[in-house]
Amino acid sequence: MCGITGWVSFHSDARTQTPVIEAMTATLAPRGPDAGGVWLGERAAIGHRRLAVIDLEGGVQPMTDRPDEPTIVLSYSGEVYNHHQLRGELRRRGHVFRTRSDTEVVLRAYAEWGEAVAEHLEGMFAFAVWDEREQRLLLVRDRLGVKPLHWAAVDGGLAFASEPKALFAQPEIRPRVDADGLREAYSLLFNTGPTVWSGVREVEPGGLLVLDRDGIRERRYWQLEAAAPHTDDRDATVERIHELVGAAARGQLEADVPLCSLLSGGIDSTVLTALLAAELRSRQGPEARLRSYAVDYSDQAVEFTGDVLRTGHDTPYAVEAGAFIGTDHSTVVLDPRALLDPGHRTAVVVARDSPIGVGDMDTSLYLLFGEIRQHSTVALSGEAADEVFGGYPWFHSPRALAAGTFPWLLVTGDEAAMPLNPELDLRMAEFRDDTYRTALAAVPHLDGETPAEHRLRELQHLSLTRWLRQLLHRKDRLSMAQGLEVRVPYCDHRLVEYAFTTPWALQSHDGREKSLLRAAGAGLAPDSVLHRPKNHYPATHHPDYNRGLQQLARDALAAEQVRALTDETLLKPCLDTPPDRLEWGHRLRLERVVDLALWLDHYRPELAL
């Protein structure tokens, strides 16, 4: 896993701009703490920071097709899990390899297939290829958007980077926010393409961008489809799910560095961890033990209270699952007061490049990843199983099925929304309605499906293409800020495609959420975990944390720009409520005000509102 950056301009000579590309690359050092390098040609400057995971000696970047007078230059981030198969195919086509790295496989694959390279790759990746012969830049992002890739226009071309902070080290690109950016940030609709930053866009998941002297061209090489009816019966479907999840887990176990699993005590991470542990034993012998990690708070056993997202304490289930599977399990216990530390919170905001997050849950995840990084370089996560297998409450709620809006807005509600100043006149309701219509128009129809079946397909499509986006963004930014690579096997596109075309009657055949995963995971997890209700990422419930958060919010409101952007009347109930009675939604509102202040202070963006 790595950080990539650079630019192409047909109006200037990049060879004179070494300090600029080095500055851009340096901003990504946390993503790639092991090495860094740059390459400059007349029209292109390419930078790279490396987190070495496979072929520690041979995968140095930027990588070129030949040491003298290169014609292809690659800066690549991620993992291509089918690189062994592709290497064999490319060798049969006459390609000669110098390294064991998957990076070189991507390089040679581009030499063979050009921009069609994307369709041959399986994995999570974002990369840039500069083709000296064709004077062409190619940007490619993986199908589900696991790895980030941003770009912005410069004179005569464009700049690109894993994170916006690298773009802001390019003199032509400044951190600027307009009304459109605030709508994108605070509407919680999770569009792909636009960002909070004016002029900064993302390459879409499953998309690519080509820049040459004729201009910029974008296209999608993959998207969710419902082209053929599902013909497998229940038993065959369960077996196929078991095969696909197992294949994804096995394919993502390769690493030349220590590897572990994130084990929360829920069904998603437990099934995945069991498959990983079994595969590790088959490769290394019966004594091999996979490391697994969970997070908890020092107050949780005493202070835990249920809320709209959480029904129980995770740790006992995680410990039970680890013992059942036979992992070397550890619980990282955090002091709730550490989540108030301004240094930690600023580090999280800088990692995100955005004011939008989930406060203490982001800070705790950042600290968890920091602890894990002391022992492992790669972690595997159960992220995306809820989207793939219908695990969220909105899949099973008549209210959500009937609602004419994004289903998660029924959970977050107005009380958790950012209290933006009404004088900004952002027309958020109109923006939500327009965005919702656009999102529904992208949902594929399957011949013969009933309106009820199509509605459930809409909810799954919205979850996979929008809600999942912010979860993957969160996991990538906070893990890479600690130099930890997190892999997400449930994002394997073959698994996602199969589940997406499976009728809802099979998806919920036992009358509950995630029926297919529960059936496919039988025997891989304790019954208590297999039949446990959905529980979200844990949050602290300590009154001292709430008290400290209220004070941080009061301090934030002392800043003129924060007051200009917020409606203080909506914050008053959040600030005046006794700390031991502060509800989840009001607490999240305070978290967002604190993060807004930190973001404004660090980036000092131009606000063009």
Side-chain angles (χ1 to χ4, degrees), residues 152 164-165 167-168 173-191 194-201 340 342-360 362-363 409 412-435 470 473 546-577 582-583 585-609:
K165 59 174 64 67
L167 296 177
F168 299 145
I173 305 169
R174 306 308 306 156
R176 183 176 183 272
V177 178
D178 56 21
D180 288 337
L182 286 184
R183 276 190 285 269
E184 291 294 343
Y186 288 112
S187 63
L188 305 183
L189 307 185
F190 314 116
N191 281 312
T195 71
V196 63
W197 302 106
S198 179
V200 176
R201 297 184 60 82
L340 298 168
H344 296 329
R345 297 188 73 104
T346 298
V348 168
V349 169
V350 173
R352 290 194 316 242
D353 284 321
S354 168
I356 279 295
V358 282
D360 66 305
D362 281 356
T363 308
L409 297 181
T412 57
D414 288 339
E415 68 173 8
M418 179 67 187
L420 291 169
N421 189 334
E423 293 182 7
L424 296 172
D425 192 25
L426 295 178
R427 299 157 63 189
M428 295 293 268
E430 181 181 335
F431 180 70
R432 278 196 298 265
D433 291 345
D434 290 345
T435 304
Q470 50 94 19
H473 174 275
N546 292 345
R547 187 175 294 107
L549 178 64
Q550 288 173 319
Q551 186 56 52
L552 288 177
R554 292 187 188 99
D555 295 343
L557 287 168
E560 182 178 348
Q561 276 194 322
V562 176
R563 292 197 306 275
L565 291 174
T566 58
D567 184 347
E568 292 186 64
T569 61
L570 291 178
L571 286 170
K572 193 174 188 308
C574 311
L575 294 168
D576 293 345
T577 300
L582 192 63
E583 296 181 357
H586 283 167
R587 190 168 97 168
L588 185 56
R589 180 171 279 178
L590 294 175
E591 300 275 14
R592 288 184 170 146
V593 171
V594 173
D595 283 355
L596 172 64
L598 293 170
W599 176 73
L600 289 169
D601 184 62
H602 180 82
Y603 289 94
R604 303 192 181 279
E606 175 192 349
L607 297 179
L609 305 176

What closest approach, in Å, do Leu588 and Gly357 show between heavy atoms, and which atom pair accounts for it?
-> CD1-O, 4.2 Å

Determine the interplanar angle of the Trp197 and Trp599 rings, folded into 0 to 90°, and report it as parallel if under 30°, tilted if 30 to 60°, perpendicular if over 60°.
-> tilted

Nearest heavy atoms of Glu591 and Gly359, plus distance in Å = OE1-CA, 3.3 Å

Roughly how far, to the nearest 0.5 Å, is OG of Ser354 from CD of Gln470?
-> 11.0 Å

Do the non-hydrogen side-chain atoms of Cys574 and Arg587 ever get within less than 4.5 Å of each other?
-> no

In terms of heavy-atom contacts, Asp567 and Pro422 come closest through OD2-CD, 3.7 Å

Leu565 side, atom CG; Glu423 side, atom CD - distance, nearest 0.5 Å | 11.5 Å

Got Val177 and Leu182 here, is their nearest side-chain heavy-atom distance under 4.5 Å?
-> yes

Main-chain N/O of Val200 paired to Thr195 side chain as donor or acceptor, under 3.5 Å | yes

For the residue pair Leu409 and Arg432, establish whether any side-chain heavy-atom pair is separated by less than 4.5 Å.
-> yes

One should read off an interatomic distance between His586 NE2 and Leu590 CG, to the nearest 0.5 angstrom, of 8.5 Å

Interatomic distance, CD1@Ile356 vs NE2@His473, rounded to 0.5 Å, equals 10.5 Å

For Asp178, which residues count as a side-chain hydrogen bond (donor to acceptor under 3.5 Å, both in side chains) partner, sequence neighbours excluded?
-> Ser198

Could you note down all residue pairs passing salt bridge (Lys or Arg N to Asp or Glu O under 4.0 Å) where residues 595-609 supplies at least one of them, sequence neighbours left out?
-> Arg176-Glu606, Arg345-Asp595, Arg352-Asp595, Asp601-Arg604

Quick one: does Leu426's side chain get under 4.5 Å of Leu609's, heavy atoms only?
-> no

Interatomic distance, OG1@Thr577 vs NZ@Lys572, rounded to 0.5 Å, equals 9.5 Å

Decide side chain to side chain contact (heavy atoms under 4.5 Å, CB included) for Leu582 and Gln550; before the verdict, give the C-alpha distance in whole Å, the side-chain angles of both, and the deciding distance to 0.1 Å.
-> CA-CA 10 Å; Leu582 192 63; Gln550 288 173 319; 4.2 Å; yes

Hey, what do you get for CG (Asp434) to CZ (Arg183), rounding to the nearest 0.5 Å?
-> 10.0 Å

Could you tell me whether the side chain of Lys165 and the main chain of Val350 form a donor-acceptor pair under 3.5 Å?
-> yes

Atom pairs and distances, donor-acceptor, side-chain atoms in residues 553-564, under 3.5 Å, two or more places apart:
| unit_1 | atom_1 | unit_2 | atom_2 | d |
| --- | --- | --- | --- | --- |
| Arg554 | NH2 | Leu575 | O | 3.0 |
| Asp555 | OD1 | Gln551 | NE2 | 3.0 |
| Arg563 | NH1 | Leu557 | O | 3.2 |
| Arg563 | NH1 | Ala558 | O | 2.8 |

Is the closest side-chain heavy-atom distance between Tyr603 and Leu598 below 4.5 Å?
-> no

Is there a side-chain contact between Leu189 and Phe431, using heavy atoms and a 4.5 Å cut-off?
-> yes

Close side-chain approach of Leu596 to Leu600, heavy-atom, < 4.5 Å = yes

Side chains of Pro419 and Arg589: closer than 4.5 Å at any heavy-atom pair?
-> yes

